[in-house]
Amino acid sequence: MPRILLHICCGPCSIAPIRRLQEQGFEVTGFFYNPNIHPLMEYKRRRDGALEVAERMGIRVIVKDEEYDPQKYFRAITFREQNRCFHCYAMRMERTAQIAGRGRFDRFTTTLLYSKFQKHDAIASLGRDLQVGCPAKFHYQDFREGWKEGIEVSKEWGIYRQQYCGCLYSENERYQNELRNA
Ligand code: SF4
């Protein structure tokens, strides 16, 4: 059974990708590494949601709490704020590829390919670049077809659903009207 390391950004986004990969015969291991999620308590809510999904779906998850360092995120995007998502994807996917290579996984991929709100083509292209010289190959799949399914199942299971992408910038964008209307 081929082994795949699946970078997981949150519980709801992981449901459809885990299902699809299991249907294709992969042994799936999750990888929760997201220093881009702010603040810490939000990180914890998403991590716990991801672990709940993993338990229900019978997969193991490598959690990198010890590497939860928002400074790493801010260093990666400072003075590149306009293109911050690209650097944010790169930071998380590079670590995923590294761990997949060291852990002798056959493939690596990410739940970022599930989101309709992320830059899908940039994520796919990063994955293809990162597989060069990496013992694990990138698995591209358009998980967006499972969008509705992921929403429905996460609601049914009561999994925490976030209101913004992750970083302080996205939180600000999500709630800026609150400030204007105050
Ligand atoms: S909006 Fe989302 S993907 Fe973009 S930098 Fe912030 S957390 Fe990362």
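Values below: every heavy atom of this structure, side chains too, minus hydrogens, waters and symmetry copies. Just follow the structure's listing: the first ligand is 1, and inside any ligand the first atom is 1.
Applying the 4.0 Å criterion to heavy atoms of C167 picks out, from ligand 1, the atoms 1 (S), 5 (S), 6 (Fe), 7 (S). In the vicinity of R84, heavy-atom distances shorter than 4.0 Å reach the ligand 1 atoms 1 (S), 5 (S), 6 (Fe). Atoms of ligand 1 found under 4.0 Å from any heavy atom of Q118 (numbered from 1 in listed order, with element): 3 (S). Taking every heavy atom of S170 and a limit of under 4.0 angstrom, the matching atoms of ligand 1 come to 1 (S). Residue contact check: C165 has heavy atoms under 4.0 Å from atoms 1 (S), 2 (Fe), 3 (S), 7 (S) of ligand 1. Near Y89, meaning under 4.0 Å from one of its heavy atoms, ligand 1 places the atoms 3 (S).
Counted by atom type alone, Y73 and N34 present zero donor-acceptor pairs between their side chains at under 3.5 Å. Looking at H139 and D106, their side chains never bring a donor and an acceptor atom within 3.5 Å of each other. When only modelled atom types and interatomic distance are considered, S154 and R161 share a side-chain donor-acceptor pair under 3.5 Å. For the residue pair E94/Y33, the side-chain donor-acceptor check at 3.5 Å is not satisfied.
Within the 4.5 Å cutoff, side-chain heavy atoms of C9 are placed close to those of R92.
Note on I77: it does not cluster hydrophobically with Y164, by side-chain heavy-atom contacts below 4.5 Å among ILVMFWY residues.
Only the side chain of Y73 comes within contact range of ligand 1, with a heavy atom under 4.0 Å; no backbone atom does.
Taking both residues in full, the closest heavy atoms of T111 and I8 are given as OG1-CA, 3.6 Å, listed atom of the first, atom of the second, then distance.
Here the heavy atom of the protein found nearest to atom 8 (Fe) of ligand 1 is C88 SG, 2.4 Å.
The nearest N, O or S atom of C85 is not closer to atom 8 (Fe) of ligand 1 than 2.8 Å.
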